[in-house]
S.K.: 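My structure is below; once you've seen it, I'll send some questions.
Note that these values count all heavy atoms, side chains included, but never hydrogens, waters or copies made by symmetry. Each chain gets a letter, A, B and so on, in the order the sequences are listed, and its residues count up from 1.
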4 protein chains.
Amino acid sequence: MSSELSGSEGTSRRERRVQRQRKEIMDAAAHLFAERGYSATTTKDLALAADIGESTLYGYFASKREVLVAILSEKAEQVDSAFSEGLNPADRNGLIHLADKIMDIVLTNVLYTRALIGEAWVSDEILHNYVISRTNRISSYLRDLITAGVSSKMFRPIDPRLGARIVMATFVGALLPVLRGIESPPSPKRRRALAETVVSLLLDGVLVRNPA
Amino acid sequence: MSSELSGSEGTSRRERRVQRQRKEIMDAAAHLFAERGYSATTTKDLALAADIGESTLYGYFASKREVLVAILSEKAEQVDSAFSEGLNPADRNGLIHLADKIMDIVLTNVLYTRALIGEAWVSDEILHNYVISRTNRISSYLRDLITAGVSSKMFRPIDPRLGARIVMATFVGALLPVLRGIESPPSPKRRRALAETVVSLLLDGVLVRNPA
Amino acid sequence: MSSELSGSEGTSRRERRVQRQRKEIMDAAAHLFAERGYSATTTKDLALAADIGESTLYGYFASKREVLVAILSEKAEQVDSAFSEGLNPADRNGLIHLADKIMDIVLTNVLYTRALIGEAWVSDEILHNYVISRTNRISSYLRDLITAGVSSKMFRPIDPRLGARIVMATFVGALLPVLRGIESPPSPKRRRALAETVVSLLLDGVLVRNPA
Amino acid sequence: MSSELSGSEGTSRRERRVQRQRKEIMDAAAHLFAERGYSATTTKDLALAADIGESTLYGYFASKREVLVAILSEKAEQVDSAFSEGLNPADRNGLIHLADKIMDIVLTNVLYTRALIGEAWVSDEILHNYVISRTNRISSYLRDLITAGVSSKMFRPIDPRLGARIVMATFVGALLPVLRGIESPPSPKRRRALAETVVSLLLDGVLVRNPA
DNA sequence: CATGAATGAGCGTTCATTCAT
DNA sequence: AATGAATGAACGCTCATTCAT
């Protein structure tokens with residue numbers, strides 16, 4: 001009956017409150033980091049946005065940079081776990097689903113991703129730990145896919161390396177305006193349509209076939 | 001006798017010297033802004049890199065931000081003049097040439113572009129004045145191209161808006177790693193090959209045709 | 001039944017517990033104050049060393065400075081009571097015993113004394129209340145001793161004021177390295193030997209006598 | 001005639017001004033460090049005392065600690081150079097002169113020395129670099145002196161180590177009240193008298209000789 | 001009563017900009 | 001025209017103390 005007993009899994013009420021507060025700070029911070037960049041965001045801004053005293057921040061994070069790292073790490077975990085479910089899209093529908101999923105992950109974390117890219121643009125450490133290590137996995141997956149497509153004669157004989165790069169480039173470029181905040185995120189419906197168009201374009205090209 | 005008289009066309013020797021100094025400062029600044037971002041670059045850094053006193057800076061620019069604006073404006077002019085020569089690539093070779101040219105412009109100004117993107121990522125003012133106003137023109141051109149292609153039955157009936165976006169996305173995404181400094185710029189030869197592959201992929205898609 | 005009633009003499013069980021806790025805090029604090037100084041010791045350090053919550057401290061002391069004052073007052077009491085037993089060393093053995101005793105008091109309270117000196121070095125209040133008021137008594141005792149020695153023709157006619165000062169200086173200087181932690185405290189045996197040497201040197205000087 | 005030429009030794013007018021300003025800051029700082037200790041002195045205090053802006057400080061010193069180090073290093077140099085002139089006091093007058101000299105050095109640098117001791121009391125680094133390295137040299141010198149005195153049968157057979165320690169202790173203890181600011185520095189005359197008494201006491205002891 | 005959490009005040013330090021020369 | 005020196009404002013961060021539980 002006591003509060004000690006009420007937490008059955010070792011996460012006491014206090015600990016949960018700490019986690020909630022951390023999350024609130026991280027959300028507010030992601031917002032600011034995304035909007036004006038890490039360097040240009042002050043701890044005063046963070047405190048104000050999270051509605052706490054400036055020094056209270058340091059009860060939850062050891063430094064301003066730790067807030068950034070916590071944000072990015074959390075996001076990284078989410079992305080990793082999302083991709084850990086096997087990706088085996090051999091057909092057109094599978095590809096569309098994959099494209100849709102990637103966009104879903106990015107778009108439901110717009111702020112986090114925007115902050116990530118902003119800092120990765122100037123920090124090699126962030127770039128390698130949180131971007132390249134992730135994109136390498138996707139790139140590797142795409143290369144395998146293309147190689148399989150080519151050897152099964154379904155695809156024209158293109159360089160898998162180059163092909164993978166172009167596919168990724170297309171997605172990255174397509175998502176940038178949303179991440180930057182120029183465009184509002186597409187509805188699930190429009191997202192699906194975009195995925196279909198991209199996949200169709202990649203597979204079929206833009207030219208009319210069989211100009212019989 | 002005086003320097004006033006020696007320059008008959010308004011660009012006196014003194015003025016030319018000022019312009020040369022401004023340019024040197026801008027080059028050094030572009031380097032630093034690109035590498036570590038505008039916010040994280042100090043005026044001391046700028047002065048050191050340009051080999052002048054910290055206060056001398058203010059003889060040439062009204063503020064640190066003015067240096068950034070000057071850099072971006074100069075770049076914008078270059079890009080605009082590059083695109084002002086009519087772009088009329090109706091055929092495959094014209095498209096390849098266009099792709100090559102865009103990449104050329106970006107890649108011969110890596111530092112400037114990197115600095116531009118870095119700051120446009122956080123500043124709406126920079127974004128609209130120096131990025132969107134530029135991309136809109138390219139986008140508009142691509143839409144026209146696609147519309148023409150579709151109505152002439154050369155292209156499959158795709159949404160010109162979406163098509164233009166995807167084409168641009170592909171280029172942007174492909175150039176990002178070079179801008180960020182992960183990859184070294186491609187040689188003219190490899191650049192041409194890349195342009196050909198991209199255009200080929202866009203036009204023909206990846207699937208084998210005539211699975212007759 | 002209540003704790004109020006259980007303690008018939010004013011020192012209830014609770015009060016004893018409070019005193020014990022205060023003592024524990026003071027011991028931990030003396031350690032820290034001695035090692036790094038009062039200013040450089042944080043209340044967090046104190047709480048950690050005393051194994052209590054940071055705010056619990058304020059249940060036992062009104063402020064950080066109160067902890068210091070409590071430490072010094074306790075030490076002052078000990079010293080006073082140690083000296084209150086009459087000091088009447090008229091002969092060489094008595095002097096040696098006195099020297100030994102002073103060193104004993106200081107050395108069994110190294111931490112306290114080190115903290116005291118450290119703070120007295122910068123705080124006039126501490127200096128006068130806890131150092132000078134104590135040293136004056138010893139000084140006065142020594143002056144009497146010397147005066148007696150001189151008038152009984154046992155000592156050469158030296159200024160008692162100056163003599164007392166030099167004797168105290170010798171002891172203070174000799175103990176500093178131990179207080180500062182450069183040297184480990186001497187064993188009782190070595191302490192006695194030191195006392196003998198000092199007294200011998202003071203009484204007899206270093207020159208060979210009667211080289212007759 | 002130009003300012004370039006006026007500085008004949010490479011120390012330009014500017015450089016001299018910088019050195020003067022540094023010195024002024026160091027003097028003000030020594031005062032404050034001596035009075036309230038290094039930890040308890042803020043950069044604001046320093047700036048106020050030196051009558052400059054708080055940030056101006058950093059044009060002359062890299063950090064608050066650098067100010068301390070500069071003060072102590074300068075003092076160390078003075079002491080070293082003072083002792084570098086050979087110390088060869090074989091007779092009573094030589095000893096008195098030595099004692100007088102040591103006191104002179106310390107007393108003409110009361111503030112510096114007080115700051116030094118205050119910080120050496122809590123910082124091992126300061127203690128070893130600026131105190132022990134200095135005292136070791138004096139101690140070594142005194143041991144040699146005593147050894148010589150003993151082997152020439154002028155001194156009674158005492159342990160040179162212990163003897164040196166006691167001599168130093170006497171001086172240190174005697175100077176402490178002045179350093180701490182309890183007593184004003186003695187006049188040269190009184191200083192000489194003190195030196196004579198100390199040496200006399202050390203050599204002859206306090207007891208009357210030839211109690212025939 | 002003990003405590004983790006919160007915080008205002010202030011710390012040492014940096015920086016874009018101005019000023020005196 | 002060029003600059004070293006100066007600085008107010010603000011930075012990221014710490015700390016003695018208070019408060020809610």
Side-chain angles (χ1 to χ4, degrees), chain A residues 3 12-15 17-18 21-22 38-47 50-67, chain B residues 3 14 17-18 21 38-47 50-67, chain C residues 3 14 17-18 21 38-47 50-67, chain D residues 3 12-15 17-18 21-22 38-47 50-67:
Chain A
S3 67
S12 66
R13 207 177 313 185
R14 169 172 1 257
E15 188 145 344
R17 205 155 50 86
V18 167
Q21 179 69 290
R22 274 179 67 96
Y38 171 79
S39 259
T41 303
T42 71
T43 51
K44 194 175 191 170
D45 294 335
L46 292 183
D51 197 30
I52 56 175
E54 204 175 335
S55 55
T56 306
L57 205 70
Y58 291 87
Y60 295 92
F61 296 94
S63 68
K64 180 184 154 190
R65 187 140 259 261
E66 282 283 298
V67 181
Chain B
S3 65
R14 160 171 315 179
R17 208 156 46 88
V18 167
Q21 180 68 288
Y38 171 79
S39 258
T41 302
T42 71
T43 51
K44 192 175 191 172
D45 294 334
L46 293 182
D51 198 28
I52 55 173
E54 207 176 336
S55 55
T56 306
L57 206 70
Y58 291 85
Y60 295 92
F61 297 94
S63 69
K64 179 183 155 190
R65 186 140 263 259
E66 283 284 298
V67 181
Chain C
S3 64
R14 160 169 313 178
R17 207 157 46 88
V18 167
Q21 180 67 289
Y38 171 79
S39 259
T41 303
T42 71
T43 51
K44 192 175 192 171
D45 293 335
L46 292 182
D51 197 28
I52 56 173
E54 206 177 337
S55 54
T56 306
L57 205 70
Y58 291 84
Y60 296 92
F61 297 94
S63 69
K64 179 183 155 191
R65 187 141 263 259
E66 282 285 298
V67 180
Chain D
S3 68
S12 66
R13 206 178 314 186
R14 172 177 351 265
E15 189 145 344
R17 207 157 48 85
V18 167
Q21 178 71 287
R22 273 179 66 95
Y38 171 79
S39 260
T41 302
T42 70
T43 50
K44 194 176 191 171
D45 294 334
L46 292 182
D51 197 29
I52 55 175
E54 204 175 337
S55 55
T56 305
L57 205 71
Y58 291 86
Y60 296 92
F61 296 94
S63 68
K64 180 184 155 191
R65 189 140 261 261
E66 282 282 300
V67 181

S.K.: Heavy-atom nearest nucleotide on DNA chain E for B/Ser39 versus C/Thr56: which residue maps closer to 5'?
M.R.: C/Thr56

S.K.: Nearest 0.5 Å, please: how far is CD in C/Gln21 from OH in C/Tyr60?
M.R.: 4.5 Å

S.K.: Please report the distance, rounded to the nearest Å, between CG in B/Asp45 and P in E/dT17.
M.R.: 14 Å

S.K.: Let me confirm one number: the CG-OG1 distance from A/Leu46 to A/Thr56, rounded to the nearest 0.5 Å.
M.R.: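 Rounded to the nearest 0.5 Å, the CG-OG1 separation comes out at 12.5 Å.
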
S.K.: Do any side-chain nitrogens or oxygens of B/Tyr60 fall under 4.0 Å of OP1 or OP2 in F/dA1?
M.R.: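 For F/dA1, neither OP1 nor OP2 has a side-chain N or O of B/Tyr60 closer than 4.0 Å.
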
S.K.: Hey, does A/Thr43 reach any base, or is it just sugar-phosphate, or nothing, if we go heavy atoms under 4.0 Å?
M.R.: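 Touches a base.
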
S.K.: Whole angstroms only, please: what is the CD-C1' distance between B/Glu66 and E/dA16?
M.R.: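 Computing the B/Glu66:CD to E/dA16:C1' distance gives 14 Å.
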
S.K.: Here's a test of your reading of the structure: between B/Leu57 and C/Thr41, which maps to the more 5' nucleotide of DNA chain F?
M.R.: B/Leu57

S.K.: Any strand counts, and the cut-off is 3.5 Å on both contacts for Watson-Crick or G-U wobble. Which nucleotide pairs with F/dT14?
M.R.: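 F/dT14 is paired, partner E/dA9.
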
S.K.: What is the distance, rounded to the nearest whole Å, between atom NZ of D/Lys44 and atom C1' of E/dG10?
M.R.: 8 Å

S.K.: Quick one: is C/Arg14 getting a side-chain N or O under 4.0 Å of the E/dC1 phosphate, OP1 or OP2?
M.R.: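 Result: yes.
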
S.K.: Counting the atoms with a prime plus P, OP1 and OP2 as sugar-phosphate, which does B/Ser55 contact under 4.0 Å by heavy atoms, base, sugar-phosphate, or nothing?
M.R.: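 The answer is base, as B/Ser55 lies within the cut-off (heavy atoms under 4.0 Å) of a base atom.
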
S.K.: When the distance from CD1 of A/Ile52 to P of F/dG12 is rounded to whole Å, what number comes out?
M.R.: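 It works out to 14 Å between those atoms.
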
S.K.: Quick check: on DNA chain F, is the nucleotide nearest C/Tyr38 upstream (toward 5') of the one nearest D/Gly53, or the reverse? Name the residue that is more 5'.
M.R.: D/Gly53

S.K.: Under 3.5 Å for both donor-acceptor distances, Watson-Crick or wobble: does E/dT21 have a partner, and if so which one?
M.R.: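 Paired with F/dA2.
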
S.K.: Could you give the CD-to-P distance, from C/Glu54 to E/dA6, as a whole number of Å?
M.R.: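 Rounding to the nearest Å, CD of C/Glu54 and P of E/dA6 are 14 Å apart.
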
S.K.: Provide, to the nearest angstrom, the distance between the CZ atom belonging to D/Phe61 and the P atom belonging to F/dA5.
M.R.: 13 Å

S.K.: On DNA chain E, compare the nucleotides closest to D/Lys64 and A/Arg17; which residue's is nearer the 5' end?
M.R.: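 So the residue in question is A/Arg17.
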
S.K.: Is the shortest side-chain N/O distance from B/Gln21 to OP1 or OP2 of F/dA1 below 4.0 Å?
M.R.: no

S.K.: In terms of side-chain heavy atoms of B/Thr42, which of E/dG12, E/dA16, F/dC11 is nearest?
M.R.: E/dA16

S.K.: Do we get B/Lys64 above B/Tyr38's six-membered ring, with its NZ or CZ under 6.0 Å from the centre and within 45° of the axis?
M.R.: yes

S.K.: Of all the nucleotides listed (F/dC13, F/dA16, E/dT13), which has the minimum atom distance to the side chain of C/Tyr58?
M.R.: F/dA16

S.K.: Rounded to the nearest Å, what distance is computed from the CG atom of residue D/Asp51 to the C1' atom of nucleotide F/dT7?
M.R.: 13 Å

S.K.: If you count heavy atoms of other groups shown closer than 6.0 angstrom to CZ of B/Arg17, is the number above 12?
M.R.: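 No, CZ of B/Arg17 has 12 or fewer neighbouring heavy atoms, counting only those of other groups under 6.0 Å.
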
S.K.: Any chance you could measure B/Thr43, atom OG1, to B/Tyr58, atom OH, to the nearest 0.5 Å?
M.R.: 5.0 Å

